[in-house]
Amino acid sequence: MTAMPDTPDIPARPARKLDTARQRQARVAGWVLMGLAVLVALVFARDSAGMAVFRLSRPNDPLALPDLVVAAAPYNYFAAALLAFLGARQFMRGGMRWTSLSLGLGLFIAVTAFLVWATAGKAFSLTGMLQATVVRAVPIALGGLAGVLSERVAVVNIAIEGMLLAGAFTGALIGSLLGGWGGLAAAVAMGGVFGFILAALVVTYRVDQIIAGVVINLFVLGVTSYVSSQVYQEYRFLNNAPVFAPVKIPLLGDLPVIGPVLFNQNLFVYGAMVMVAVATYYLFHTRYGLRARAVGEHPRAADTLGINVYRTRYINVTIAGMVAGFGGAWFTLGSVGRFDENMTGGRGYIGLAAMIFGRWHPVGALAAALVFGFADSLQQKLALLQTPIPSEFLAMAPYIATIVLVAGLIGRARPPAADGQPYIKE
Amino acid sequence: MDVELRGITKRFGPITANRNVNLTIRAGEVLGLLGENGAGKSTLMTVLCGLYSPSEGEILIDGKPVRFAGPGDAIAAGIGMVHQHFMLIPVFSVAENVVLGVEPTGRLDRLDLVTARAQVRSINETYGLEVDPDALVGDLPVGLQQRVEIIKVLFRSAELVIFDEPTAVLTPQEVEDFFKIVRSLRDDGKAIVFITHKLNEILEIADRISVLRAGEIVGEGDPKALSEADLAEMMVGRPVSFTVAKAPFAPGEVLLEVDDLTVLRDDDSLAVDRLDLQVHRGEIVGIAGVQGNGQTALVEALTGLARIAGGTLRFAGGDITRASTRERHRLGIAHIPEDRQRTGLIPAFTIAENMVLDTYYDERFSAGPVIRWDAVNRAAARASIDFDVRTDSVFNAVGTLSGGNQQKVIIAREMSRDTQLLIAAQPTRGIDVGSIEYIHRRIAEARDEGDGVLIVSSELDEILALSDRIVVMFRGRIVAEFDGNDPGISRKAIGLAMAGATA
Amino acid sequence: MSERETEAGLAESLLRRAAPDRSEFEDLVIVPIFAVVVALILGALTMLATNVDLPTIGKSYLALVQGSVGSLNALSETLTAAAPLTLAGLGIALGFRAGLFNIGAEGQLLVGGMAAVITGFSFPGLPMAIHLPLALLAGAVAGGLYAGIAGWLRAATGAHEVILTIMLNLIAFRLVDYMLRLPWIQREGRADPISRSVLTSAELPRIFTWLDPNLRLHLGIVLTLAAVLLVHWVLFRTKLGFEFRASGAGPDAARYAGMRAGLLIVIVMACAGALAGLAGANQVLGVLGRATPGFSSGIGFDAIAVALLGRSHPWGVLAAGLLFGALEAGGRQMQVSAGVSIDLIGIIQALIIAFIAAPLLVRAIFPWGFRRAAKTPKE
């Protein structure tokens, strides 16, 4: 706690010990970490026998790394001790300075302890799981990025789900007719169209932003479901698009672990990484990014300076739609080549959570999406390891984690000041 | 640059904000635009700076008619405005705020903040403004934020600068500094419009005065030939008395006792720092101070809205430190919040509903879980008459009323129940003179009947007119105390205390 | 004396309500009619675009009408479909009134339905007069508690209820999948996830079988009407309802007036969840008789649309619920007799909401029929 600088002419009174919000938060974090320590020690460590083998490379990789072998029980006791130390640290003087870092580190340690426990006595491909993590993070990251782009100009975008679905549908349909690139272009364009419609509804027709988003979601779900049941049943060739194959980047793709995870993926993974980088540059380092953020923070101030609030919102929300359309194409052109009813299955909403979790920052949204992707792939791979935990509970884990994170860590994150408010010129 | 407004009329639906206004503004001259709240001053100037387009009439610059499609055109024509509510983005730095809209850029549209900072520094030096270009605007005190607004206008090479109620947020000393800046701009050949409702200021700074009433120009004149009383009569349309009639000061026992109170802001910084304060029955205590020195947090702590980090509150002999807002209401604490649109009223609710916003649970208005709307509506009609709320039905939404009438709804709600202590924050901010007089009279009556009153206001004139005792808050502490009934009270001393110097 | 009289007269005049003006009438009556008509026309265009010929389009709209209001059976189907939509819609409307956007009706419906099913098959031998209310209560309480989690987290930590309820929906789906495989819930001798059947003593009895034994309409519709009346009474007549509405329309003013914002959020969410849970109970006890994965079949999401369409007013929600129920029942008939996918109904529903939520849009499309476009809002 920093005391206010005293002006010389006011006699300073002795500072009093105060119970501040940050101290309370630090204590809560301490209890959480202690709880994790107990969990790891009593459940994971006691029940871990033998060695956990993590495979890092396939045998025929050019730069093969040896397997990572961990003695399960000792590692987990060590992890529990570490967690207990981090937890205890929270109660000591200055603990609150470390709250976020300790909590993040603690969760990471707990996850590794869980992995070691689940793998104990068996072998498990870590690289394979990380690769799946990145792949599964793509639509969530792109959905989150679409959210960032529109909420930075203060338009709440519940419609991401619908835009993803529209992109997936259009990608499959046009991809079947014109090939992968044509399908991709059409998916991006269709996403843009729905972005534009959202902008028109909320900016020009002043529909409540959440209602407009819900309407778009319902509409897209209706149209795509209708067409796939009415048309695709009969004309199957309209729903049979080519799939973008992984492209290995020379040299980088041969690196152990990092190569297969980051540099031997398909277009959508590279696209997502580039878009996050470009969006970060755009929002925080360019003239138009500054203006866009100004519109999101204080539209009236932007207006007085001659910035066209309506046009800025139209442009950014349309671009957000295009990003979501690209992300939607991942479902069809990036994985199965075929559209199924409601195949996005709520990824757009998780993208929205990733945006909030990522504090309205493109890189933050990407990082949050990776966390979701990790949980997602973990659940799938762990089914192979036959842990005693029912697979439904593993499937719930990312959602429960989201709730914990949203409630605990970022309860105070600050959205753009004008988020969700219509701007009425006069 | 000379600017002429010719026959400007501005309508919003059925409401006419400005009617056939003619005005000339000349280079190297300060035009004082005087009018009470709601007279249409701000609307008129918003038309001039391109934010609104006039319904009728035209604007001429150096004799040539111009049309502004938006604020961008007005800026390009050399018109700049410092708005009453600052048009600054708190999370941006000073340099970012200044260049927004006319940003220097490099390749790939990259923002050139190095150039921006240098430009801010050079304006700083020319006019002696001393603002750090890298500071976050939200971290600056309001006085400095105003300078950022001035830098913004100068950065766009404005030849006509409009100041809308610029002194509302400043201490008397800061006002002096601000006037120096205005004079140096004028001597630099710029045309200045100075909008205010404060008579003493306009007489000091203006070279020429125009008075606006109910959207029309009702008088013009030379400040040297006019007195405050002349101007007040022009502004309001009838003679105005600036003093509030009160019974002789006869304080009773201590009603509210604040001991060692500490309140924290959200970021854990100190908003109120170990503050002691007493309010007696039959006494009006006025809290003077520049906005943001802990007054809001103090009021919220007194009314049970903010968490108290330390210290005790005693009211009428009992400890209320941990009492809830509702419990304090029932004990007889009335609260007029500072932001009537957000915290005082629910604009979408009817007058009747707003009249019982904090008394609906009272047995006068409810039976068991059910609200007796009939009783509510009758009481609301009664209170509307008693408290001079001008409306044709208690079922009208409060949001459709004028600011003065909205404030009277709050006054009616808070004062038509049995209270002992009235806490009023900015009770007359932004409302017309008639309503101000009425509300002041009501507050004085409450005190004469033996209630304790605590008033927080950023208008020093209001504090001086009402208070029996004046305390000055600075950085969460009380730094000075004055006798409000002392005829020789020194504005200058209060102003110094508001700036942090102890008397 | 006379002054007194004029004052009394003035007070009386202040108590007069202004007659509803024409724009209000337009918003409440004309705009919805336009919305439905335009949505149907656009639906027809969609069919045309997907190669459905004109006679079939005519046939399908005829089937839509016949299947929803064309016969006693159709009316029964409409009302059966409308009941859960209205119940869940009321819950969401309550949230909207209090400024909360509860996307979680689907999850609350699932949890409530599961609780009702479990209660429904667990107590053989209980008389109906106890068993049925108990099963309904279990549904409402479970839904209320489940939504209460979101309310409590929102109140205690400030986490956004939209994210919380979305996550709780996803969790509820997995939870139902898991529970349906538990040995004491899963039907004996079945490998697929399906629950035991609700006992007759816990079923919502059909109420018009004396007219025609095939009519499926059950007691749930009475329950629904009672809920509409109750919500209306709470919202507009009670202190609690006043607090709900105040914290929705002016959260800061409500807090300044001494209302306890956090507690209210929890109560509102719990009430909304209870109504959604009741909707789930209504489905399993009145229509399905058992639980299967995803037995909510999107009712919780459609209910959002119902609440929006009904302008969060209990009577409006009932009207919207009936409209959506009719579309649902008619859509099934349409699929059977004209071979047009029932998913078309989803498009029509979305379009209706779009037009109703955007009166400015409707006025822009149809400049005639309205006295004058609302040009500029008051400042």
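Worth knowing before you read on, the calculation uses all heavy atoms, side chains too, and leaves out hydrogens, waters and symmetry mates. Keep in mind it's a predicted model, so treat the numbers as computed, not measured. Order of the sequence lines sets the chain letters (A, B, ...), proteins ahead of strands, with each chain counted from 1.
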What option among [options] has the most heavy-atom pairs under 4.5 Å with chain A?
| options | answer |
| --- | --- |
| Leu153(C), Ile149(C), Thr50(C) | Thr50(C) |
| Val52(C), Ile348(C), Leu344(C) | Leu344(C) |
| Ile342(C), Val340(C), Thr46(C) | Val340(C) |

Name the region of [X], side chain, backbone, both or neither, that has any atom closer than 4.5 Å to a heavy atom of chain C.
| X | answer |
| --- | --- |
| Val223(A) | both |
| Thr204(A) | backbone |
| Gln233(A) | neither |
| Ile158(A) | side chain |
| Ile210(A) | side chain |

### Query
What's the spacing between Met396(A) CE and Tyr178(C) OH if we round to 0.5 Å?
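One gets 8.5 Å once the value is rounded to the nearest 0.5 Å.
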### CZ-CD1 distance between Arg174(C) and Ile400(A), expressed to the nearest 0.5 angstrom
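The CZ atom of Arg174(C) sits 11.0 Å away from the CD1 atom of Ile400(A).
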### Query
Which bit of Leu170(C) is near chain A, if near means a heavy-atom gap under 4.5 Å: side chain, backbone, both or neither?
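Both backbone and side chain.
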### Which atoms of Phe101(C) approach chain A - backbone, side chain, both or neither, heavy atom under 4.5 Å
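Contact with chain A is through the side chain of Phe101(C) alone.
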### Query
Stepwise, does the side chain to side chain contact (heavy atoms under 4.5 Å, CB included) test hold for Ile403(A) with Ile171(C)?
CA-CA 11 Å; Ile403(A) 290 180; Ile171(C) 291 171; 4.0 Å; yes
Taking all non-hydrogen atoms of both residues, which atom of [X] and which atom of [Y] are closest, and how far apart?
| X | Y | value |
| --- | --- | --- |
| Ile347(C) | Tyr226(A) | CD1-CB, 3.9 Å |
| Val215(A) | Ala350(C) | CG1-O, 3.7 Å |
| Asp343(C) | Ser229(A) | OD2-OG, 3.1 Å |
| Ala305(C) | Leu218(A) | CB-CD1, 3.9 Å |

### Task
Spell out the residues in residues 162-169 of chain C that have some non-hydrogen atom less than 4.5 Å away from a non-hydrogen atom of chain A, in order of number; otherwise answer 'none'.
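If one takes a 4.5 Å heavy-atom cut-off, the residues of residues 162-169 of chain C near chain A are Val162(C), Ile163(C), Leu164(C), Ile166(C), Met167(C), Leu168(C).
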### Task
State whether the side chain of Gln230(A) and the backbone N or O of Ser341(C) hold a donor-acceptor pair below 3.5 Å, judged by distance alone.
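Between the backbone of Ser341(C) and the side chain of Gln230(A) there is a qualifying donor-acceptor contact (under 3.5 Å).
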### Message
Within the supplied structure, the quantity of interest is the number of heavy atoms (other residues, nucleotides, ligands) at a distance under 6.0 Å from Tyr61(C) OH; does it exceed 12?
### Response
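Above 12, so yes.
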